[in-house]
Amino acid sequence: MICEPLNAGASNMRALWKQTQGRLRELISEEEYNDWFENVHIEEIRDETVIFGIPSGYRRDYIEENYQSLLGSIISSLLGEPIRAEILLSDTPVEEWNEPEGRTAIHTETDTPLELEPLNEHYTFTSYVVGASNKIAHAAAEAIAQESSIKPYNNPFFLYGGVGLGKTHLMQAIGNEVLKLHTGKRVAYLSAEQFVNLFIDAIKRNDRLSFQATFRNVDVLLVDDIQFLEGKESTLEEFFHTFNALHNRRKQIVISSDRPPKDIRSIQDRLRSRFEWGLIVDIEPPEFEHRMAILRQKCENINADVPDEVLEFIANRIRSSVRELEGALSKIMAHTHIAEERVDVETAGKLLGEFSDHSQKDVTIERIQRKVADYFNIKTADIMGSSRSRSIAKPRQIAMYLSRKLTRHSFPEIGTFFGNKDHTTIMFAHKKISKEMETDTDLRAMIQRLTDSVAY
Ligand code: ADP
Ligand code: MG
């Protein structure tokens, strides 16, 4: 599937040969390289074959015998396609294929990497507050950033969790740390959405080589919000090849998503299974103490003096997203600034009353029941009914659990919403699900997704 423009222009072939040379030098000794590859060039790219030209019959035979398959696999990994290498005796004069860029025939492709947005320097490990919900993700991210060589069991590193829980922060922290610790390493960070846009642009400009050069020559590739690729066939295909090219060369890949790989639908199984090759870690919503620590750190950063009761008020109020915590704090700070007075709990209450706190507002038991029913493809009536079939009883218990967690209703009140059930039934469900969540990470992830879908 080599696209046509690749066949045009000697500069493409020079660019490709240059990249191939780079790889060869990494793989064979200096002497070997000088002995055999001095006057080699790429003569032609045709269908699934790259033809190497060599001006000496004796070298041609030797290269064919000893390096043909190596050349083939290097080119395949560079282009992300299975490519065969052929070695020909060629009498093309050296000057011709070595001609300077400017004098070549019309061509559109270059191998100049595209410009990506720089990392946000504020997203570092130092500014990331660690708690129970993100301890493992943080430790893994830090280890990956610090290691100078790739550990296969960490590659790819797949990070997932709900909105506003610090995935982007952590990914960028990896990038910043790598740049700080390992000079010369190349880091590319982008969202899956940007990946799609750059890919579409590249196709339009007939400049796929630049696109590939951007991603296949990095040491660390960080792709945020990969779920965005769902259903985007041609970009998925390209991403698959990018993934393989980097993974084969033992380069670190870091991917984030709002859900685990198995729940990303509409992507090819072969890609999904690759996501599961390395380390998969989730970030959960922070606990109360953790939320307090985050708020305290944010205050410290901006030198804000907010009473502890107010921070506690915010931390009690906003539970499901660090971004929302930050938003609430900003609101309080803005007021402090304008009114020139310290905010007390009462004022905070008024201020945040109108604050669009999705995590608390509009959450009704009916909404929870609807969302849970949708999720499991059952009827809301089943959730309120009393069927004991597992496919219904379990979702019902989950809905009961969420009703207790996300609303302010008491156990007896919740009972009335579930077809007048006794409060002990609700308590039992709450306890059972809480207990299972301690050991069942899938259940935890499911509850997190349901919580998100109820909140937004
Ligand atoms: P996500 O990518 O998961 O949606 P972000 O990384 O964008 O979330 O985080 C949202 C905001 O919350 C960012 O400003 C980020 O700096 C902040 N944040 C998230 N987690 C933490 C944390 N553990 N410590 C400090 N700030 C955090
Ligand atoms: Mg993000």
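As the structure lists them, so they are numbered: ligands from 1, and atoms in each ligand from 1. As the structure is a computational prediction, the values presented were derived from the model and not from experiment.
From the protein, the heavy atom lying nearest to atom 17 (C) of ligand 1 is Glu326 OE2, 3.3 Å. Atom 24 (N) of ligand 1 has as its closest protein heavy atom Val129 N, 2.8 Å.
For the residues Gln172, His169, Met171, the heavy atom positioned nearest atom 6 (O) of ligand 1 is part of His169. The nearest non-hydrogen atom to atom 27 (C) of ligand 1, considering only Leu295, Thr168, Leu325, Val322, comes from Val322. Checking Gly327, Gly166, Ser256 against atom 5 (P) of ligand 1, the nearest heavy atom belongs to Gly166.
Residue contacts with ligand 1: Leu170 is placed with no nitrogen or oxygen under 3.5 Å of a nitrogen or oxygen of the ligand (distance criterion only). Of the polar atoms of Gly164, at least one N or O is found under 3.5 Å from an N or O of ligand 1, judged by distance alone. Ligand 1 has an N or O atom lying under 3.5 Å from an N or O atom of Arg323, backbone or side chain. The shortest N or O to N or O distance between Asn134 and ligand 1 is under 3.5 Å. Checked against a 3.5 angstrom limit, the closest N/O atoms of Val163 and ligand 1 fall outside it.
For Pro286, the heavy-atom gap to ligand 1 stays at 4.0 angstrom or more. In this structure, Lys298 has a heavy atom closer than 4.0 Å to ligand 1. Put simply, no part of Gly161 is less than 4.0 Å from ligand 1, judged by heavy atoms.
Neither the backbone nor the side chain of Gln297 comes within 4.0 Å of ligand 1, counting heavy atoms alone. Residue contacts with ligand 1 for Ser321 are absent, since no atom lies close enough (heavy atoms, distance under 4.0 Å).
The nearest N, O or S atom of Met171 is not closer to the Mg ion (ligand 2) than 2.8 Å.
The closest side-chain heavy-atom distance from Tyr189 to Asp224 is below 4.5 Å.
Checked by atom type, the side-chain pair Asp452/Gln448 shows a donor-acceptor distance below 3.5 Å. A donor-acceptor contact closer than 3.5 angstrom is absent between the side chains of Lys405 and Ser403. A side-chain donor from one of Asp207 and Ser210 sits under 3.5 Å from a side-chain acceptor of the other. Side chains of Gln172 and Glu121: a donor-acceptor N/O pair is absent below 3.5 angstrom, by distance only.
Those atoms of ligand 1 that come under 4.0 Å of a heavy atom in Gly162, given as number and element, are 3 (O). Within ligand 1, the atoms closer than 4.0 Å to a non-hydrogen atom of Ser127 are 24 (N), 25 (C), numbered from 1 in the order shown. The distance from ligand 1 to the heavy atoms of Tyr123 drops below 4.0 Å at these ligand atoms: 13 (C), 14 (O), 16 (O).
Cation-pi contact between Arg270 and Phe240: present, with separation from the ring centre below 6.0 Å and deviation from the ring axis of at most 45°. Annotation: cation-pi geometry satisfied between Lys232 and Phe228 (NZ/CZ under 6.0 angstrom from ring centroid, within 45° of ring axis). Stacking of Arg404 on the aromatic ring of Phe411 is recorded, both the 6.0 Å distance cut-off and the 45° axial limit being met.
Between Phe195 and Phe215, the angle of the ring planes lies from 30° to 60°, which puts this pair in the tilted group. Using a 30° and 60° split on the angle between ring planes, His430 and Tyr401 fall in the parallel class, below 30°.
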Leu295 and Ile314: side chain to side chain contact (heavy atoms under 4.5 Å, CB included), yes or no, with the steps?
CA-CA 9 Å; Leu295 287 170; Ile314 302 173; 4.0 Å; yes

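Side-chain rings of Tyr160 and Phe275 stay apart, their centers remaining 6.0 Å or farther from each other.
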